[in-house]
2 protein chains.
Amino acid sequence: MATKRPSSAIEDYLRAIYGLVERGVEVSNATLAKRLRVSPSSVSGMVAKLADLGLVTHVPYHGVELTEPGRRAACDVLRRHRLIELYLVEELGYTWDEVHVEADVLEHAVSDSLIERISAKLGDPTRDPHGDPIPAADGSVEQPPTHLLRDLEPGASGEVARVWDTNPEILRYLAHNGITLGARIEVLERQPFGGPLVVRVGERTHSLGNEVTAVLLIRVPTSQ
Amino acid sequence: MATKRPSSAIEDYLRAIYGLVERGVEVSNATLAKRLRVSPSSVSGMVAKLADLGLVTHVPYHGVELTEPGRRAACDVLRRHRLIELYLVEELGYTWDEVHVEADVLEHAVSDSLIERISAKLGDPTRDPHGDPIPAADGSVEQPPTHLLRDLEPGASGEVARVWDTNPEILRYLAHNGITLGARIEVLERQPFGGPLVVRVGERTHSLGNEVTAVLLIRVPTSQ
DNA sequence: ATAGTGTTTTCGGCATGCCGAAAATTCGAG
DNA sequence: CTCGAATTTTCGGCATGCCGAAAACACTAT
C-alpha cells in the first residue's frame, strides 16, 4: 500500500530542492528561502524536519541533499505538477504562462488515481508545456541532452527544447516573439561584456538578454 | 476585487452548515461535529471564529445560522464542489460514487478562473451528477420542487431527480439497480412499521429500505 | 423545585509552519 | 592568525485547528 503523502509544505520544499539541483544551482538555506518566499529561519526549521524524516541529509552550516526516498517523493510531486500543467493547456485552453500558479496549488490536491487518469487521457506524455520532462509513475525521469542558449557559439543552431523558468512575463515575451517549443533558433552573433545574443527565429532576428538566454535550453542536432 | 478566500477549514464548516440546512437537518454542534468528523469542542471553537468573521450568527447553547455573507461563501464552495464532480464524470470517466472524495479536496484548490473555465467547458450546467443544483457564479441557486421518495404514497410515480447522499456504497447500490438520475420510478406499496417501500424501476421491482428512500428525491409530474 | 441526562462550552495542550532577533558558524581578507 | 561580513541556526512567539477532560447549561421527568 502506498504510504501517506507528505504535507504540502514538505512537498514544496522537496520540489524546490529538486528544482535547484536540476538547474545546477547551489542548494543553500538562502536560495531555498528565496525560491520558497520564506524566511531563512523557516528553512532551517523545515530542513531539520526533512532530515528527521529521512528525506534529505543535512550537514549543518553546509548543504542539503535529497536522499533516495526524498528524490522519489520530489519526483511524485513533479509528476503531478507537470501533468497538471499540460492538462490545463491541452484540455482547458490555458497558455504556458498561466499554468504554473494553478499547478502549484493543485499538485497537492489531486489524488494518485486522478493524476493517473489525467496522464492516461493525455496519452502518458513525457513533456510538459515548458518542455520539462514528466517523471514516470515509477519515479524515473529522462533528462535529454540540451545546451543553454547562452553557451552556444555564433553559427550554432537547434530547436527550443525547454524553457527553464516560470516567470509569466518572460514566457509571454517568448511566445509573443515566436520562441516556443520546437522553434528553430540560430545564433547569429554574441555581443561582448554580457551583451545580448543575436538570434534568428523563423524570419525574424532578436537580441536576447541574459535573463532569457540563461533560461532557454536548445536541442542541438549533432551534439558533440 | 474579490476578497480573499476563507481557509479550507472555514469553507468546510460553511458547506456543512449549508448542507444540513438544505436537508432540513437541525444544525447543532453535534450534527456538525459528526458530519465534519471532528470533536464537538472543535466545532465550538470554529463556530466562535465564524461568528467573529460575520459568517454565522451564534446563540450560545442554541443554534448556528448562516449570515448572508456566510451563505454566499458557502455557495461559492458548493459551486466549485459540484462543478468539479460533474467535470470528473464528464471529462475523466469517473462514476457518481467516486467523485465526492476527490471534490472535497479539490474544491479548496481550484482558482476562480479555473472553475469558470470548467463551467464554460461543461456548458454552464445547473446540475451535478447527483442532481444537486450548481449555484451560479453570482451566488443564486434554484431548488426545484421535489418529494422524498419516502413520503410518496403507493400509486405515485415520477423520475429520480436527486440523490441526497455521498455514501459511495449507497450510490453504487442505486446505480447497480438502475436507479439513476432521470429513471422513472413508481411506488407500488409501502410495508408498515418502517418496513421497505416496494417500487418499480423499468422492468424490475425493488424493496427499498429507509436509508435509501430518505435519500431519493423524486420529481412528480402533477405536483400538488 | 430539582435531580439527572445529554449537549455545549471552556480550558489547557499539541502539531504544523511561519516569523524576527540574537547567537553561532564559516570563510575570505588582511 | 584573527577580524569582520555573510550565512545559518537557535530561540521564543504567533496563528490555525485539532483534541480530551471538566465545567456550564438546558431540558425533562419526578
Side-chain angles (χ1 to χ4, degrees), chain A residues 3-18 20-21 24-66 69-70 73-74 77 104-105 107-109, chain B residues 3-18 20-21 25-66 70 73-74 77 104-105 107-109:
Chain A
T3 162
K4 212 175 112 261
R5 200 177 276 183
S7 73
S8 334
I10 290 178
E11 290 191 335
D12 285 338
Y13 277 80
L14 292 177
R15 186 160 72 78
I17 295 169
Y18 189 101
L20 291 175
V21 172
V25 177
E26 185 211 9
V27 184
S28 68
N29 186 305
T31 55
L32 265 178
K34 191 168 167 194
R35 197 153 188 288
L36 291 164
R37 304 169 162 285
V38 133
S39 77
S41 63
S42 299
V43 174
S44 278
M46 182 59 93
V47 164
K49 177 171 197 167
L50 294 177
D52 261 9
L53 294 171
L55 297 170
V56 303
T57 54
H58 179 225
V59 185
Y61 291 100
H62 290 281
V64 181
E65 255 177 67
L66 289 173
V77 190
D104 262 353
V105 181
E107 68 186 12
H108 307 298
Chain B
T3 162
K4 213 176 113 260
R5 201 177 274 185
S7 73
S8 336
I10 290 178
E11 289 191 335
D12 285 339
Y13 277 80
L14 292 176
R15 187 161 72 78
I17 295 170
Y18 189 101
L20 291 175
V21 172
V25 177
E26 185 211 10
V27 184
S28 68
N29 188 303
T31 55
L32 265 177
K34 192 169 166 194
R35 199 155 187 287
L36 291 163
R37 302 168 162 285
V38 132
S39 77
S41 63
S42 299
V43 174
S44 277
M46 183 57 94
V47 164
K49 178 171 196 166
L50 295 177
D52 261 8
L53 293 171
L55 298 169
V56 303
T57 54
H58 179 222
V59 184
Y61 290 101
H62 290 280
V64 182
E65 255 177 67
L66 290 173
V77 190
D104 262 352
V105 181
E107 68 186 12
H108 307 298

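Of all heavy-atom pairs between A9(A) and M46(A), the closest is CB-CE, 3.6 Å. The nearest pair of heavy atoms linking V38(B) to S42(B) is CG1-CB, 3.4 Å. Summarising the geometry of A33(B) relative to S39(B), their closest heavy-atom pair is CB-C, 4.1 Å, with the distance given to 0.1 Å.
Counting to the nearest Å, the P atom of dA24(D) and the NE2 atom of H62(B) are 17 Å from each other. Rounded to an integer number of Å, the gap from Y61(A) OH to dT25(C) P is 5 Å. Counting to the nearest Å, the P atom of dC18(D) and the CG atom of N29(B) are 13 Å from each other. If you measure from atom CG of L50(B) to atom P of dC18(D), you get 10 Å, rounded to the nearest angstrom. When rounded to the nearest whole Å, the span between CD of E26(B) and C1' of dC27(D) equals 13 Å. Nucleotide dC18(D) holds its P atom 10 Å from the CD1 atom of I10(B), rounded to whole Å. We find that CE of M46(B) is positioned 16 Å from P of dT10(C), with the value rounded to whole Å. Rounding to whole angstrom units, CD of residue E11(A) and P of dG17(C) are separated by 11 Å.
The base of dG17(C) has none of its N or O atoms less than 3.5 Å from a complementary donor or acceptor on the side chain of S42(A). At a cut-off of 3.5 angstrom, the base of dG20(C) holds no donor-acceptor pair with the side chain of S39(A).
Side-chain atoms of P60(B) lie closest to dT9(C) of the nucleotides dG17(D), dT9(C), dC27(D). Distances were taken from every side-chain heavy atom of S28(B) (C-beta onward) to each of dA26(D), dT8(C), dT26(C); the shortest belongs to dT8(C). For V38(A), counting side-chain heavy atoms from C-beta on, the closest listed nucleotide (dC18(C), dT9(C), dT9(D)) is dC18(C). Comparing dC18(D), dT8(D), dG17(C) by their nearest atom to the side chain of S44(A) picks out dT8(D). When each of dT9(D), dC18(C), dT9(C) is scored by its nearest atom to the side-chain atoms of P40(A), the top-ranked nucleotide is dT9(D). Distance from the side chain of K49(B) is smallest for dT16(D) among the nucleotides dT16(D), dT9(C), dG17(C).
Using a 4.0 Å cut-off, some side-chain N or O of S7(B) falls inside it from OP1 or OP2 of dG17(D). For H58(B), no side-chain nitrogen or oxygen approaches OP1 or OP2 of dT8(C) to under 4.0 Å.
Salt bridge status for D12(A) with R37(A): absent, with no side-chain N to carboxylate O gap under 4.0 Å.
Each of R37(A) and S41(B) was matched to the nucleotide of DNA chain C holding its nearest heavy atom; the match closer to the 5' end belongs to S41(B).
Going from atom CZ of R35(B) over to atom CZ of R15(B) covers 6.5 Å, rounded to the nearest 0.5 Å.
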